[in-house]
Amino acid sequence: ITLNSGLQVLQNKLNLPKKELILEIELNGKMKFEHLMNTIYNQLGICHRVLSANIEYVNGYSFGTVQLYINVNSEDFQQLEFYLNKNKLISTSVEYTCRKYF
């Protein structure tokens with residue numbers, strides 16, 4: 001029995017360590033907010049939560065900033081960074097750490 005190569009890649013991705021990040025993206029009118037969120041989730045496969053959004057729409061274009069909480073491995077984050085850079089969207093990320101009390 002041989003494993004499907006797609007399943008092997010998926011299994012390898014699941015074993016990569018993940019980091020919790022807060023990602024801030026500056027929308028500069030080059031992409032609609034809804035399109036960006038759809039691409040991050042559906043095309044890149046990255047689940048996210050919108051922490052805050054300060055967006056204005058001018059003639060159908062989105063301007064402002066959005067902060068997302070994401071939990072990704074380094075490979076998926078690199079794909080996201082490449083996508084944002086390719087579309088000329090400025091972004092910054094901060095690793096999110098949560099204190100645990102015992």
Side-chain angles (χ1 to χ4, degrees):
I1 300 174
T2 59
L3 284 176
N4 181 342
S5 62
L7 290 174
Q8 187 66 36
V9 169
L10 181 60
Q11 184 179 12
N12 290 342
K13 285 180 88 171
L14 291 175
N15 292 333
L16 291 174
K18 290 187 172 190
K19 287 187 176 183
E20 295 179 84
L21 301 171
I22 295 176
L23 178 67
E24 183 171 284
I25 302 170
E26 185 177 325
L27 297 167
N28 53 11
K30 298 194 184 290
M31 182 179 294
K32 290 185 178 183
F33 171 71
E34 296 81 5
H35 178 72
L36 176 63
M37 296 297 102
N38 184 49
T39 300
I40 291 173
Y41 181 73
N42 289 324
Q43 291 180 8
L44 299 175
I46 298 174
C47 294
H48 61 275
R49 280 187 244 153
V50 177
L51 299 177
S52 70
N54 183 15
I55 300 169
E56 293 184 31
Y57 296 94
V58 178
N59 296 328
Y61 298 101
S62 302
F63 295 89
T65 58
V66 60
Q67 288 184 341
L68 303 176
Y69 166 83
I70 57 175
N71 188 0
V72 293
N73 60 44
S74 59
E75 186 178 304
D76 289 341
F77 186 68
Q78 285 177 347
Q79 288 180 345
L80 177 57
E81 280 187 316
F82 177 77
Y83 176 79
L84 294 173
N85 288 332
K86 183 177 122 184
N87 289 287
K88 297 178 175 64
L89 295 171
I90 298 171
S91 66
T92 55
S93 63
V94 177
E95 189 168 345
Y96 176 76
T97 55
C98 182
R99 272 190 201 172
K100 296 181 180 178
Y101 296 97
F102 297 98

Task: Side-chain heavy atoms of Leu36 within contact of Ile40, under 4.5 Å - done: yes
Open item on the list: Quick one: does any side-chain atom of Asn73 pair with a main-chain N or O of Glu75 as donor and acceptor, under 3.5 Å?
Closed with: yes
Open item on the list: Could you go through Leu80 and Ile70, starting from their C-alpha distance and side-chain angles, then the distance that decides it, and tell me whether this counts as side-chain contact (heavy atoms from CB on, under 4.5 Å)?
Closed with: CA-CA 11 Å; Leu80 177 57; Ile70 57 175; 4.0 Å; yes
Open item on the list: Which residues pass the salt bridge (charged side-chain N to carboxylate O under 4.0 Å, His left out) test with Lys19, not counting sequence neighbours?
Closed with: Glu95
- [ ] Could you tell me the separation between the OG1 atom of Thr39 and the OH atom of Tyr83, rounded to the nearest 0.5 Å?
- [x] 3.5 Å
TODO: Working to the nearest 0.5 Å, report the span between CG of Asn38 and CZ of Phe33.
DONE: 11.5 Å
Open item on the list: Between Glu81 and Leu84, is there a side-chain heavy-atom distance shorter than 4.5 Å?
Closed with: no
Open item on the list: Using only atom types and a distance under 3.5 Å, with no angle test, would you say the side chain of Asn87 pairs donor to acceptor with the backbone of Lys30?
Closed with: no
Got a list of side-chain donor-acceptor pairs under 3.5 Å for residues 46-60, not counting sequence neighbours?
from, atom 1, to, atom 2, distance (Å)
His48, ND1, Ile46, O, 3.4
Ser52, OG, Gln67, OE1, 3.3
Tyr57, OH, Glu34, OE2, 3.0

Task: From His35, Met31, Lys32, residue fulfilling side-chain contact (heavy atoms from CB on, under 4.5 Å) relative to Ser62 - done: Lys32
Task: Side chain to side chain, Ile25 and Leu68, heavy atoms closer than 4.5 Å - done: yes
Open item on the list: Using 0.5 Å steps for rounding, measure from the OH atom of Tyr69 to the CG atom of Leu21.
Closed with: 9.0 Å
- [ ] Establish whether Phe63 and Leu23 are linked, either directly or via other cluster members, by ILVMFWY side-chain heavy-atom contacts under 4.5 Å.
- [x] no
